[in-house]
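Report on the structure given below.
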Amino acid sequence: IAGWGGSLTGTALPPPPGDTATLWALVTSSWRPVDLGVAAVADPQTALLAALSLPFGTSPQVATAVLLLAALPLAALGAWWAAGRLTRSPALRGWTALFWAAAPPLLTGVGTGRPGAVLCHLLLPVAVVAVARVVAARGPATSRTARIRTGRVARVGAAALAGLTVTVVLAAAPSLALPALVTLVVLGVRAEGCRLALVWTATVPMVGVLPWWQAVARDWRLLLTGPA
């Protein structure tokens, strides 16, 4: 499929445009070619698919095929890596990787052709680890003043990385916006020393897909829709 121009099919897989240029035109345009046309912002998944297509000869079809075909091993690798932040036991890491790769949401996303759901599943462990590092960031210095200073610098870097990761996750699955916000608020209440860093983490996705949030403010049901 990926190498010989085969056609992907799926009950939830929309027909992708012929090239990345068409996708970027959809991303930057306020006009959607639906029926006779309608004025609306592009959903964030369109921009993600356009970015994923760049390494594959600007072919959205090939990018989608590679993502779906590699989803299970990538999910296992991501879960293995994330579990390694919590335990050094190979058995626990292996079972975690197996569970995450065999999770029904991922299998359903691959089987029905939902690249947004698949990408979200792949990046969730990375996002969790990135946010955890914001909370746990510490500086290597020994003196209290230097430790506070370097800890703040470490948190800023961790918050920026976490914000970018959360941005991609929310672009792939906007329905996770409310759970993500609640999680950051709870962490901010319980971890006083990293509140500003968590605010920065939340600010990055807010700014990154600002036109989409403006559309959501007018109609919250957009959070429940897929790419179209």
Side-chain angles (χ1 to χ4, degrees), residues 1-4 6 8-10 12-13 16 20 44-137 154 157-177 179-180 183-184 187 201 204-205 208-209 226-227:
I1 294 174
W4 290 278
L8 285 177
T9 59
L13 183 64
T20 306
Q45 291 186 34
T46 305
L48 285 182
L49 183 56
L52 288 174
S53 302
L54 294 177
F56 300 101
T58 68
S59 173
Q61 183 79 3
V62 173
T64 303
V66 171
L67 175 64
L68 296 180
L69 291 173
L72 269 65
L74 288 178
L77 286 175
W80 171 274
W81 171 79
R85 309 303 100 184
L86 300 176
T87 178
R88 294 184 180 275
S89 170
L92 288 177
R93 295 175 70 182
W95 279 110
T96 301
L98 180 62
F99 169 80
W100 194 247
L106 178 62
L107 300 181
T108 301
V110 172
T112 58
R114 299 179 183 269
V118 171
L119 188 61
C120 175
H121 192 92
L122 296 180
L123 291 178
L124 267 179
V126 181
V128 170
V129 171
V131 173
R133 285 181 173 176
V134 175
V135 178
L161 178 60
L164 290 174
T165 308
V166 172
T167 300
V168 178
V169 169
L170 295 184
S175 59
L176 293 180
T183 300
L184 292 178
L187 289 176
T201 300
V204 175
V209 286

As an exercise, state the distance from CG of Leu122 to CG of Leu67, rounded to the nearest 0.5 Å.
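Between atom CG of Leu122 and atom CG of Leu67 there are 6.5 Å.
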
Kindly state each residue pair satisfying side-chain hydrogen bond (donor to acceptor under 3.5 Å, both in side chains) with at least one member in [range], sequence neighbours excluded.
range	result
residues 65-84	none
residues 82-100	Trp100-His121
residues 160-170	none

Is there a side-chain contact between [X] and [Y] in this structure, where contact means two heavy atoms from C-beta onward sitting under 4.5 Å apart?
X	Y	result
Leu68	Val118	yes
Leu72	Leu107	yes
Leu176	Leu170	yes
Pro115	Leu119	no

Minimum heavy-atom distance between [X] and [Y], given as atom pair plus value:
X	Y	result
Ala75	Leu106	CB-CD2, 3.6 Å
Pro205	Val166	CG-CG1, 4.1 Å
Cys120	Ala173	SG-CB, 3.7 Å
Ala97	Ala76	CB-O, 3.3 Å

Can you check side chain to side chain contact (heavy atoms under 4.5 Å, CB included) on Val131 and Leu187, steps first, answer last?
CA-CA 9 Å; Val131 173; Leu187 289 176; 3.6 Å; yes

